[in-house]
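Everything numeric here is computed off the predicted structure, so don't read it as measured data.
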Protein chains: 2
Amino acid sequence: MLSLTEENYLKAIYHLSDGGSKAVLTNELAEAMSTKAASVTDMIKKLSAKEVITYEKYYGVNVTIKGKSEALIVIRKHRLWETFLVEKLGFAWDEVHDVAEQLEHINSPRLIEKLDEFLGYPKVDPHGDPIPDNKGKIKLQPQVPVDQLQVGFQGKIAAVKDSDSNLLKYLDKIGAKPGVKIKVLGKEEYDESMEILIEDHRVFISKEVSQNILVVG
Amino acid sequence: MLSLTEENYLKAIYHLSDGGSKAVLTNELAEAMSTKAASVTDMIKKLSAKEVITYEKYYGVNVTIKGKSEALIVIRKHRLWETFLVEKLGFAWDEVHDVAEQLEHINSPRLIEKLDEFLGYPKVDPHGDPIPDNKGKIKLQPQVPVDQLQVGFQGKIAAVKDSDSNLLKYLDKIGAKPGVKIKVLGKEEYDESMEILIEDHRVFISKEVSQNILVVG
DNA sequence: GTATATTTTTAGATTAGCCTAAAAAATAAT
DNA sequence: ATTATTTTTTAGGCTAATCTAAAAATATAC
Ligand SMILES: [Mn+2]
Ligand SMILES: [Mn+2]
Ligand SMILES: [Mn+2]
Ligand SMILES: [Mn+2]
């Protein structure tokens, strides 16, 4: 059993480690959790005692198999709730993240199964992020941010980064949402801004924005 | 701003005081919160500093106007969530209370307004309890428990006590739910058990059960 | 009206999660 | 290979919410 705070640390570790593929350092975790390094050291001792991470002093932490599946259960809840808020309650996609941050900690497996059923077993959340199954498994397809694409590339938007509400409002305005066709028309070397085609209309986006739109090849 | 724990204490005080109409003693609150009297004394000092209750040493606490409306906001959330779980997710009425105890602490006024709208602005929850409005106002109609009724009484079930899951399963079996017609056919003096008519079929109920069914005159 | 019993409050500890400041280890620079 | 810088850990303290044991106030009994 993890506390609410422990769940949030574990989730941050999972994300910072890119799904468990690399170690996470004390300072980056402190930054992500808006807390101090000393507090992080305290917490990673607890999480390591609960065997959801392994901890090597001075060299950072890694998620265990158990930790990965527990993190994914929380992420599953987060994304199902976001889907509920948008699909059923009529929230805009930029309004749901903060509420989902609270709802993801509600502890009731039955509730989540019923919610999943009610939503028709969605595969992705409103931002295009995949929803893990009830065993804590996720199928991640490799996603590339638009800023790394070559001119001429054609594909579909797979997902967008979901934590900044203002970014989401802007993406909504230019029609950049999951499932939509995208083509790279040009790239300005000076500031790495890009000209892209979204569905049928041309837009210019800054590097900042291009990093937050993800496509699948 | 009240913490989750403070909200739970305030809600218990509100219920034990019959909606603010009488003082609540330290020991009964300790009993209701499954905690010790010493912990209660600590907490009522905090709640009284936040002006949601008034506290007279050794003589118990009373809810303030402010406290009453804050308690009713939590109760509103609890009852809306219970309604959602039954009406939309297909939970049985005996399965919803514990989950609602968690969900009632989610802090998002917009979420609750949207949920209320989604549910079609229900007036009562699945157990017949009235749902307070978004200003923290409730209209309580005087409800009488069945054990206090005279033989020959006829009326409708208004509500049932909702915290014991096994009781609710039993009530469901005998058809005792809000809105259903009820008539008192007889009462046994020895153990105060009763014979009643629910809709159209006759059942015998113990005093225990009769105390948990509420009718409106 | 004093003595006894009950209820409530205070005193002193404990745990989770956080902090600042100081010490220790690892990394980078000369 | 020392010295300097950066990162991380330890030490010690704080608050919220809990506990046990002792003291104080109130209620009950004779
Ligand atoms: Mn989110
Ligand atoms: Mn999302
Ligand atoms: Mn309930
Ligand atoms: Mn109820």
A.B. asks: Protein within reach of the bases, or only the backbone? For nucleotides 10-20 of chain C, mark each nucleotide 5' to 3' as B, S or -, using heavy atoms under 4.0 Å.
C.D. replies: B-----SSBBB
A.B. asks: Is the backbone N or O of B:Lys207 less than 3.5 Å from a side-chain atom of B:Ser193, with the two atoms forming a donor-acceptor pair by type?
C.D. replies: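 Absent.
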A.B. asks: Check whether NZ of the Lys or CZ of the Arg B:Lys88 lies under 6.0 Å from the centre of the six-membered ring of B:Phe118 and within 45 degrees of that ring's axis.
C.D. replies: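 Judged by the rule, B:Lys88 and B:Phe118 form a cation-pi pair.
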A.B. asks: May I ask you to decide whether B:Lys77 forms a salt bridge with B:Glu70, counting only side-chain N to carboxylate O separations under 4.0 Å?
C.D. replies: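 So B:Lys77 does not pair with B:Glu70 through a salt bridge.
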A.B. asks: Return no unless some side-chain N or O of A:Asn27 is found under 4.0 Å from OP1 or OP2 of D:dT6.
C.D. replies: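 Checking D:dT6 against A:Asn27, no side-chain N or O comes under 4.0 Å of OP1 or OP2.
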A.B. asks: Does this structure show an ion pair linking B:Lys11 with B:Glu104, if we count only N-O contacts that are shorter than 4.0 Å?
C.D. replies: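 Judged by the 4.0 Å cut-off on N to carboxylate O distance, B:Lys11 and B:Glu104 do form a salt bridge.
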A.B. asks: D:dT9 C1' sits how many Å from A:Ile44 CD1, rounded?
C.D. replies: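 It works out to 9 Å between those atoms.
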A.B. asks: In whole Å, I'd like the distance from the OH atom of B:Tyr59 to the P atom of C:dT6.
C.D. replies: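 For the pair B:Tyr59 OH and C:dT6 P, the rounded distance is 18 Å.
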A.B. asks: Surrounding CD1 of A:Ile65 (heavy atoms of other residues, nucleotides or ligands, distance under 6.0 Å), is the total greater than 12?
C.D. replies: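 No, not enclosed.
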